[in-house]
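Here the structure is laid out as structure tokens; the discussion comes afterwards.
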Amino acid sequence: MKINRLKIVLAETEKTNKWLAERLGKSEVTVSRWVTNEVQPSMETFLEIAKQLDVDVKELINSSK
């Protein structure tokens, strides 16, 4: 189940996994696992990702409907 839209939002904002990893102080492997929905970041991390990408946090999460 794809919970987050991180891959899509990164593409829309023309940012890379490497860029996000550097901004968050995380490894590229960790960010890659988030992007592929293998694991999910914490809500606190989602908020920081949204801040770095300058998007509303709701854009990063698929609707439950």
Side-chain angles (χ1 to χ4, degrees):
M1 175 181 209
K2 293 189 177 186
I3 296 171
N4 75 60
R5 299 181 65 247
L6 194 49
K7 183 176 186 173
I8 296 162
V9 176
L10 281 170
E12 290 173 349
T13 58
E14 300 179 349
K15 305 293 186 204
T16 64
N17 292 8
K18 182 178 180 177
W19 176 88
L20 185 59
E22 289 171 356
R23 299 293 292 230
L24 298 174
K26 303 287 185 185
S27 74
E28 288 183 59
V29 172
T30 297
V31 172
S32 176
R33 293 178 75 200
W34 295 340
V35 168
T36 59
N37 276 280
E38 187 177 329
V39 296
Q40 300 303 317
S42 68
M43 187 51 67
E44 183 177 277
T45 302
F46 267 126
L47 292 168
E48 183 60 28
I49 292 168
K51 179 180 173 185
Q52 294 297 327
L53 294 173
D54 194 29
V55 298
D56 189 300
V57 72
K58 289 185 272 184
E59 291 184 46
L60 299 176
I61 303 169
N62 279 320
S63 173
S64 61
K65 291 184 179 182

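By convention here, the first residue in the shown sequence is residue 1.
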Taking all non-hydrogen atoms of both residues into account, name the closest pair between Glu59 and Arg5 and its distance.
O-NH1, 2.6 Å
Leu20 and Gln52: which non-hydrogen atoms are nearest, and at how many Å?
CD1-CB, 4.5 Å
How long is the straight-line distance from [atom2] of [Y] back to [atom1] of [X], given to the nearest 0.5 Å?
| X | Y | atom1 | atom2 | value |
| --- | --- | --- | --- | --- |
| Lys15 | Glu22 | NZ | CD | 12.0 Å |
| Thr30 | Glu28 | OG1 | CD | 10.0 Å |
| Ile8 | Thr13 | CD1 | OG1 | 11.5 Å |

Using side-chain heavy atoms (C-beta onward) and a distance below 4.5 Å, is Leu24 in contact with Trp34?
yes
All N/O donor-acceptor pairs, side-chain side in residues 36-43, below 3.5 Å, sequence neighbours left out:
residue, atom, partner, partner atom, Å
Thr36, OG1, Ser32, O, 3.0
Thr36, OG1, Arg33, O, 3.3
Asn37, OD1, Ile3, N, 2.9
Asn37, OD1, Asn4, N, 2.9
Asn37, OD1, Asn4, ND2, 3.4
Asn37, OD1, Gln40, NE2, 2.9
Asn37, ND2, Asn4, O, 3.3
Glu38, OE2, Arg33, NE, 3.1
Glu38, OE2, Arg33, NH2, 3.4
Gln40, OE1, Asn4, ND2, 2.8
Ser42, OG, Thr45, N, 3.1
Ser42, OG, Thr45, OG1, 2.9

Between Trp19 and Leu53, is a side-chain contact (heavy atoms from CB on, under 4.5 Å) present by the stated rule, with each step listed?
CA-CA 10 Å; Trp19 176 88; Leu53 294 173; 3.6 Å; yes
Does CG belonging to Asp54 count more than 12 external heavy atoms closer than 6.0 Å?
no
